[in-house]
Protein chains: 2
Amino acid sequence: MCFVPDVLPLIPALKLKKTRTNSTLSDVAKAAGVSPSTASRALNGLAQKYRISESTERLVKQSAAQLGFRPSQVARSLRLQRSGLLGIVVPDLSNPFFSAIAREVTVAAGAEGFSAILADSDGSVEKERKLIEQLQARNVESLVVCPIGLEFDHLEEASQRGLPLVTVDRCQASSSLVQVTSDHLTGAKLAIELLIEQGHRRIGVLQGLEGTLPCELRLQGVREACDAAGIAFNPKWIAGDQFSEQSGYRSARKLLTESPDLTALFAMSTPNAFGAFRAANELGLSIPHDLSLLCFDDVAFVEFMQVPFTTIAQDVPELGRRAATLVTEHMQTGKSPRKKMHKIPVKLVPRASVGKVPSA
Amino acid sequence: MCFVPDVLPLIPALKLKKTRTNSTLSDVAKAAGVSPSTASRALNGLAQKYRISESTERLVKQSAAQLGFRPSQVARSLRLQRSGLLGIVVPDLSNPFFSAIAREVTVAAGAEGFSAILADSDGSVEKERKLIEQLQARNVESLVVCPIGLEFDHLEEASQRGLPLVTVDRCQASSSLVQVTSDHLTGAKLAIELLIEQGHRRIGVLQGLEGTLPCELRLQGVREACDAAGIAFNPKWIAGDQFSEQSGYRSARKLLTESPDLTALFAMSTPNAFGAFRAANELGLSIPHDLSLLCFDDVAFVEFMQVPFTTIAQDVPELGRRAATLVTEHMQTGKSPRKKMHKIPVKLVPRASVGKVPSA
DNA sequence: ATGAAAGCGCTAACAA
DNA sequence: TTGTTAGCGCTTTCAT
């Protein structure tokens, strides 16, 4: 069990600042010469229900406007036991993939009257745990998390407690969690099928964080596609350990050096592909002439690239939107969605980085 | 004055869900056989100060752990009159420039014990106003906003109320607001000086949202650099109305068509430059051979571009960090920073998109 | 048609 | 060394 002061190194208590700057409901009530309850009802559109006289209602609203009254959500939350807050946790907000998801969720949540607390786990499970704790302490009503993807106990636990929670992208195979992720298996198959169709037989794979579902499923897709085509796939052609540019670079260099007969590379992320591109350049291999390159994730502004990448494009906005819909529905209906695993279709976008196999 | 139900279409009151899932402080106190105050003190590390016996302290902490106690920040906020919340407003979270800023602020705030509520104004002043209202209603303790940049009254007002607030990027010339922005004037001068040095005399400018300070300062920089070099600058060479790709495309087409003798284009944003690049392509102009192109804002993965852009690079992380520092200091010291305008240096990054003037 | 009062969960005077 | 009490600002039951 976590420990309290640990969880929230919350701000030093400070001296209570007595500087009330906002007027309160009772100020409004006083100004209007009514009781706080009446003021509350008038301002919350319950005038009808409580048969508050029109004049009173107007009076209250006027006073509120005059005083610049802005109801305290904190007090409201405490009373109502609803914070109107939703938490988002991503591993890296500066990654366009995650910021796009964050954006969709934020906007969708806003449309339902929720505000989003955004947290960046910086790729660390430890931070992720802490953040999830913090967000729960802040009484978020639901959580959208793009997990690091290797440990899920803390997420399961939160979900078990009844907190509406959905994971996006790096999901888990066997889990009762509600999950939204792309159809990685099909995506990888499409990729490999294209390469095979172009005559490639020896295909290297630049993988991302090993053990994560996207990574595993894509590997499986690669194997299945090869099997289906009766092509032998050599496990030695797999390298890499992160979805990062560096990992792509290092593993591409490794593969291209150790197995110079590879004619194509399948990268699991755009950064991986960028790294591979750099490595290929350094090794004097031109794309797609000497080497074909294909990656998961689409990329913006391809048309300005030296060699536009052929990609398996994920529907990123849809990932975000779906996640938002799922949590809001959970909150509204009070029960967890039936369907746990939501697979979002991907599509192959052919561009210049894939060509026929050199010697063919 | 804004109106209440308008401001926060807060969640339908719902029936109070009685499903207490978290144990409360008094549960802990009861379990430990002490009073809530003692429990509170023990858990908040005030045992020393209040000379609480070690055994009691341990007992309380144990009970808390056993019950999985997680203190309600909502209640705490209400009592302490501090929410531990900071608001961030950006015009477009899917724009890497803004998501980078959001990230820096989030992280920096987190380090100080604050959580960040993120809001996306979607380029609309109206939404920006609403969001600022909402955030204030949520009792955020401070606000970092990347404004649309044409209207500031709502920001001024919030700031006047004593809310620590800093604006980033699209600032305002005459304003008491605390502002963090790049050194646009110098940046534009550097850009134009480079072009002039390369022999360019007729330089088109693709501007962003007119009336915003970055836009105006950059125009001024252009003029000053031309003046200094004794070169006539023709206002007809200015076009554009947004920091978007579309605006860049349209205005580049316009300029290149109406003034075919232009030999260089200075774009005010990366998207503007992308648009210009597309337009140039369509018009059969090759860069930098027929036309030089230079833009504000650096861009990721330039090395993979057909023609890597020469840019005036902003120090985006620093913009975010500085903003975060300023608001946290304001909160801690209780007084607004002395220095209002914070100019962050930029630097010229020469790459392939700028060349000598064709005929020279 | 309106008010009084209780209480959401917590902290901090003030008492003991 | 610990407990009692009041109250942060709001909503809502119950009373009138």
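Just so we're on the same page: letters track the sequence lines, and every chain starts at 1. Every value quoted in this text rests on a predicted model; they were computed, and no experiment measured them.
Looking at heavy-atom distances under 4.0 Å, Val74(A) makes no contact with the nucleic acid at all.
Glu128(A) meets the side chain to side chain donor-acceptor pair (under 3.5 Å) test with His154(A); sequence neighbours excluded. With sequence neighbours excluded, the residues forming a salt bridge (Lys or Arg N to Asp or Glu O under 4.0 Å) with Arg103(A) are Asp92(B), Asp120(B), Asp122(B), listed by chain and number. Ser37(B) is linked by a side chain to side chain donor-acceptor pair (under 3.5 Å) to Ser35(B), counting only residues two or more places apart in sequence or in another chain. When the side chain to side chain donor-acceptor pair (under 3.5 Å) test is applied to Thr56(A), the partners found at least two apart in sequence or on another chain are Ser53(A).
For dG3(C), one of the phosphate oxygens OP1 or OP2 lies less than 4.0 angstrom from a side-chain nitrogen or oxygen of Ser35(A). Look at Arg76(B) and you won't find any side-chain N or O under 4.0 angstrom from OP1 or OP2 of dC10(C). For Ser77(B) and dC10(C), the shortest distance from a side-chain N or O to OP1 or OP2 is not below 4.0 Å.
Taking atom CG of residue Asn44(A) and atom C1' of nucleotide dC10(D), one finds them 9 Å apart after rounding to whole Å.
A side-chain donor from one of Ser115(B) and Arg138(A) sits under 3.5 Å from a side-chain acceptor of the other.
Each salt bridge (charged side-chain N to carboxylate O under 4.0 Å, His left out) pair with one or both residues in residues 324-339 of chain A, not counting sequence neighbours, would appear here, but there are none.
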Listed pairs, N/O of protein and of nucleotides 5-7 of chain D, under 3.5 Å:
| from | atom 1 | to | atom 2 | distance (Å) |
| --- | --- | --- | --- | --- |
| dG7(D) | N2 | Arg79(B) | NH1 | 3.2 |

